[in-house]
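Below: one structure, written as structure tokens.
In what follows, chains carry the letters A, B, and so on, assigned in the order in which the sequence lines appear, proteins first and then strands, with residues in each chain numbered from 1.
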Amino acid sequence: MPPMSKYPFTDIEQKWQAYWEREKTFRVTEDPSIPKEKRAYVLDMFPYPSAAGLHVGHPEGYTATDIYCRYLRMNGYAVLHPMGFDSFGLPAENYAIQTGTHPLETTERNINRFREQIKSLGFSYDWDREVSTHDPDYYRWTQWIFLKLYERGLAYVAEMPVWYCEALGTVLANEEVLTTPDGPRSERGNHPVERRPLRQWILRITEYADRLLEDLDGLDWPESIKAMQRNWIGRSEGANVRFALEDGSGDIEVFTTRPDTLFGATYMVLAPEHALVDRITTAAQRAEVDAYVEQARLKSDLERTDLAKDKTGVFTGAYAINPVNKARVPVWISDYILVSYGTGAIMAVPAHDTRDWEFAVQFGLSIVQVVEPPAEVYVAHTEDGGLAEAFTGEGHAMNSGDFDGLQTAVFKQRITEWLTEQGLGRKAVNYKLRDWIFSRQRYWGEPIPLVHCGETIVPVPEEQLPLRLPDVQSYKPSGTGESPLAKVEEWVVTGCPDGSGSMGRRETNTMPQWAGSCWYYLRYLDPRNDRELAGRDKIDYWMPVDLYVGGAEHAVLHLLYARFWHKVLYDIGVVNTEEPFMRLINQGMILGEDGLRMSKSRGNVVNPDDVVSAYGADTLRMFEMFLGPLEAEKPWSTGSISGVHRFLDRAWRLAERELVEGEPPEHILRVLHKTIKKVDHDTGRLEFNTAIAQLMIYINELYKEETLFRAAWEPFILLLAPYAPHLAEELWERAGNPPSVSMVAWPQWEESLTRDEEVTVVVQVNGKVRARIELPTDTPEAELRDRALGLERIAEFTAGKELVKVITVPNKLVNIVVR
RNA sequence: GCGAGAGUGGUGAAAUUGGUAGACACGCCAGAUUUAGGAUCUGGUGCCUUCGGGUGUAAGGGUUCAAGUCCCUUCUCUCGCACCA
């Protein structure tokens, strides 16, 4: 596809990229004379420098923030706009396993390629602040933060069933495992994973669950992302209730969100793995129960959680006593009860819980209705007046002794108080959120700075950080649950940092890739500081991040982890705010031309380098913004890229005309001021597609003129500058101005010139447009009405009819209602 | 099933507070220019039409002088979660 370009974009773009780099045009420092409200921290999600290089999705978000930053600078803001690399990670290590190439070598090669590609798009980053998470000067502080977590009891070791991925040779966090039709799979690489009990480092993120939940309310984030985080945290409030075993040998504690349905609890169910199962099972049921437990153990998680299948379960032979009505209730086991949630046991209320209903129907257990649905709610009933399905809504209590008639919410509170008084239960809160499994059995990550000295664990002293990664012979995971580091004996064996003189062994697990990205936005503030992760004055100057732009795929993982670390840093006084990112925008994915996700196997991948060489960076930038709204998912369209390119080309050819001094004609001035207003408004709201459309309208107008007036041309260059910065710099210079256009003040519009002298007023009869009249702007409503009624054409439609009323909207329309 | 969001020309999409639906761009059509052009410029382009007009924003209903926009019902699609008691 040969481009039809004539304007020398390659020369222009190289020229100005070199200029910006040489002049450090976009370097920013902490100037105290700039008031807080004129400072902006605009952040991109930094990339993982993959071997494949940049794809067209990267420039989308980066262009959006770049346009916004350039716009802010021209409006007098000090703008912090940095870029870096999330450079620890599995692909480089897997490549090392295959080829023996050190991950450092691959990583740095990829970083150089990424940096070059990013620079070729003309983004206005302050490159002096670049960071890479694999750099020891960086991960020193990642390790430092880990030690702070450890000191505060937020990092602990535990043996627990964790997701283990054979192919990756490492454990994974819950968040990194996806449920697929083929069973649980790793989020990265789509490999099968399974649960294995292993000793792991775990971060106590659950301690922050409530704060992570509550503080979402104050954030200007997309509702969907907040909903996903809320959902992931999964807070539910209810009560823990103890049911005594009939034989008096103890009790079973359950968690319920509906303590108001306690009177309807007709049986209980334990998870097959529940500790009590073995003890309470009667001799008669023993064989059946053992077989079920064994079968449940062998089942994959997918089989266990398959909603479509019938409920299975086995009676243990034991009975418990319902504490409120002393009813004797059988105790069952079933794999629909998860041992890891709540207490691993439930009271079953089949009348008011769908799952319990299914189970009760399956096994012929009794169903007692204890909630009367509100009259206005339709509920299916059987012929004899009983419920035909579980009613899970709220209503009024029935069959509940003295509590009858209470509204659900009131009853919940009342019964919880009663249970507490009786010593039978208490208010309880549960979360779906689990603690964060933090260790990985891999090489290419931050070493965890701890030494095992016999039974005790001793942190590496802060002043000895960074604890550097040693070189290894083989990058292969040992497969025994240990990382390749375990084989580096001379690194592992070390003196105990406790000063005892005895020898210890280093922790050989490394941190997950998320660690480095949890705090990188802080390092940009003070990237060369070797005394602290960032100076407090710098943090106070810039933080929090005003705008954070990135893909929605990080909705839960990165954004939840980073918020957690930030809160810890807040608690230890390192940062000044509870939340790191005040405003978040997810750029929509750019799909292939076929409307499907770009992927190598589909062959629909567009390489930004090809677009840059064929059309130039300015065209790529503007085209990606012109495709549609930033947040929307949108298919690539090679055809319409020419529309944007043609626009820039026209701007170039316009500049070849002689610039004329003096006052431009009024009709041009009016379009100009409308354009300034629209582009200003839309750019500030990140509505770039409509701003570009307005720039096109203006160019089309200028093109029809014989002469090009400087006063009409220069403001256009300024409006263009954030969008097509290379071309704008060149045009600015050619217009006889010194560089750089990037620091010239944004043009202002005059309100009176944004309004036309004449407007078209629509005349409707009964809401249908029947005529249009040209009238001076702000014609009084009475005159509007008279003019409209006086129209011959309107008379045709109103003849012989009764005039009911006339509605006038100034400068817009007249609607004549007749009968 | 639950949660979030979206349905507008042949295509990507526009449309302050309800007030001319389809800006801008692609594509298509016509004209100009040109040795020629898939370059450039100008104009046209929702659909139907007996050229009066009719009709049109997923479907149906409602509120209103007036609905893409507000309300109700239904359908479709995308994303996320999914036996979380």
query = Looking for any heavy atom pair under 4.0 Å, which part of the strands does A:Arg793 touch: base, sugar-phosphate only, or nothing?
reply = sugar-phosphate
ask   = Which of the following nucleotides, B:U40, B:A13, B:G19, is nearest to the side chain of A:Asn689?
value = B:A13
request  = Could you check which nucleotide pairs with B:C81 in any of the strands shown, counting Watson-Crick or G-U wobble with both distances under 3.5 Å?
outcome  = B:G1
inquiry  = Categorize A:Arg770 for me: base, sugar-phosphate, or nothing, with a 4.0 angstrom heavy-atom threshold over every strand shown.
reply    = sugar-phosphate
ask   = Taking only N and O in the side chain of A:Arg646, is any of them less than 4.0 Å away from OP1 or OP2 of B:C26?
value = yes
Salt-bridge contact A:Lys677-A:Glu751 (side-chain N to carboxylate O under 4.0 Å) = yes
request  = Have a look at A:Arg653 and say if it touches a base, only the backbone sugar-phosphate, or nothing, with a 4.0 Å heavy-atom cut-off.
outcome  = sugar-phosphate
Residue A:Arg650, side-chain heavy atoms: nucleotide from B:U78, B:U42, B:C24 that is nearest = B:U42
Base partner of B:A30, which must satisfy Watson-Crick or wobble distances under 3.5 Å = B:U42
remark   = Whole-Å distance, A:Met625 CE to B:C24 C1', equals 16 Å
ask   = Are A:Arg258 and A:Val349 close enough, and set up right, to give a side-chain contact (heavy atoms from CB on, under 4.5 Å), and what steps lead you there?
value = CA-CA 9 Å; A:Arg258 293 294 299 271; A:Val349 185; over 6 Å; no
message = Between C1' on B:U78 and CE on A:Met589, what's the gap in Å once rounded to a whole number?
response = 10 Å
inquiry  = Using a 4.0 Å heavy-atom cut-off, does A:Val817 contact any base of the nucleic acid, only the sugar-phosphate backbone, or nothing at all?
reply    = sugar-phosphate
note = Separation of B:C65 atom C1' from A:Leu789 atom CG, nearest Å, is 14 Å
query = Of the nucleotides B:C41, B:C26, B:A85, which has the atom closest to the A:Tyr703 side chain?
reply = B:C41
query = Out of B:A85, B:A21, B:A25, which has the shortest distance to the side chain of A:Asn700?
reply = B:A25
message = Using a heavy-atom cut-off of 4.0 Å across all strands, would you classify A:Ser340 as base, sugar-phosphate, or nothing?
response = nothing
key: C1'-based separation of B:C28 from B:U69 [nearest Å]   = 31 Å
inquiry  = OP1 or OP2 of B:U78 versus the side-chain N and O atoms of A:Arg597: is any pair under 4.0 Å?
reply    = no
query = Which is true for A:Leu627 with a 4.0 Å heavy-atom rule: it touches a base, it touches only sugar-phosphate, or it touches nothing?
reply = sugar-phosphate
request  = Choose from B:A25, B:C65, B:A23 the nucleotide whose nearest atom is closest to any side-chain atom of A:Lys805.
outcome  = B:C65
ask   = Between A:Met696 (CE) and B:C24 (P), how many Å, whole number?
value = 11 Å
request  = Please state the P separation for the pair B:G7 and B:A58 - nearest whole angstrom.
outcome  = 8 Å
ask   = What's the spacing between A:Leu627 CG and A:Leu591 CG if we round to 0.5 Å?
value = 10.0 Å
request  = Please measure how far the P atom in B:G18 lies from the corresponding atom in B:A13, and state the result in whole Å.
outcome  = 26 Å
remark   = The answer to which of A:Gln764 and A:Ala693 contacts RNA chain B further toward the 5' end, by nearest nucleotide, is A:Gln764
key: Closest nucleotide among B:G5, B:C41, B:G80 to the A:Met228 side chain   = B:G80
task = Report yes if a donor N or O on one partner sits less than 3.5 Å from an acceptor N or O on the other, where the partners are the side chain of A:Lys432 and the base of B:C81; otherwise report no.
result = no
ask   = Within the pair A:Ser642 and B:C26, is there a side-chain N or O less than 4.0 Å away from OP1 or OP2?
value = no
task = If the glycosidic angle is within 90 degrees of 0 it's syn, otherwise anti, so just tell me which one B:G60 is.
result = anti
query = Using 4.0 Å as the upper bound for N to carboxylate O, is an ion pair formed by A:Glu237 and A:Lys427?
reply = yes
ask   = Atom CG of A:Asp649 and atom P of B:A25: how far apart are they, to the nearest Å?
value = 15 Å
Whole-angstrom distance between B:A82 and B:A66, as gauged at atom C1' = 45 Å
request  = Would you mind classifying the nucleic acid contact of A:Ile697 as base, sugar-phosphate or nothing, using non-hydrogen atoms under 4.0 angstrom?
outcome  = sugar-phosphate
query = Are any of the side-chain nitrogens in A:Glu624 or A:Arg621 under 4.0 Å away from the carboxylate oxygens of its partner?
reply = no
key: Protein-nucleotide distance (A:Leu630, atom CG; B:A13, atom P), rounded to Å   = 13 Å
task = Pick the P atom in B:C24 and in B:A32, then give their distance to the nearest Å.
result = 25 Å
query = Where the side chain of A:Thr257 is defined as all heavy atoms beyond and including C-beta, which of B:C83, B:A14, B:A85 is the nearest nucleotide?
reply = B:A85
inquiry  = Could you tell me how far B:A67 sits from B:C77 if I compare only their C1' atoms? Round to whole Å.
reply    = 24 Å
task = Name the orientation class of the two ring planes belonging to A:His645 and A:Phe9 (parallel below 30°, tilted from 30 to 60°, perpendicular beyond 60°).
result = perpendicular
message = Rounding to an integer number of angstrom, what distance separates B:A4 and B:U11 when you compare their P atoms?
response = 30 Å
Check: A:Phe688 ring centre within less than 6.0 Å of A:Phe626 ring centre = no
request  = Would you indicate which nucleotide in B:C81, B:A23, B:U78 comes nearest to any side-chain atom of A:Glu633?
outcome  = B:U78
message = Using a strict threshold of under 4.0 Å (side-chain N to carboxylate O), is an ion pair present between A:Asp756 and A:Lys674?
response = yes
inquiry  = Of the listed nucleotides (B:A85, B:U40, B:A4), which one gets closest to any side-chain atom of A:Ala227?
reply    = B:A4
inquiry  = Between P on B:A23 and NE2 on A:His681, what's the gap in Å once rounded to a whole number?
reply    = 21 Å
note = Of the candidates B:C24, B:U20, B:A13, the side chain of A:Lys634 sits closest to B:A13
key: Sub-6.0 Å ring centroid separation between A:Phe623 and A:Trp636   = yes
ask   = Considering only the P atoms, how many Å lie between B:A21 and B:U45, rounded to the nearest integer?
value = 16 Å
task = Rounded off to whole Å, could you give me the CD1-to-P distance for the A:Ile333 and B:A85 pair?
result = 22 Å
ask   = For B:U55, does either OP1 or OP2 sit under 4.0 Å from a side-chain N or O belonging to A:Lys768?
value = yes
request  = Assign A:Pro629 to base, sugar-phosphate, or nothing according to its heavy-atom contacts below 4.0 angstrom with the strands shown.
outcome  = sugar-phosphate
task = Mind telling me if B:G52 is syn or anti? Syn here is a glycosidic angle within 90° of 0.
result = syn
key: Base partner of B:U76, which must satisfy Watson-Crick or wobble distances under 3.5 Å   = B:A6
task = Specify the residue among A:Asn815 and A:Asp353 whose closest nucleotide of RNA chain B lies further upstream toward the 5′ end.
result = A:Asn815
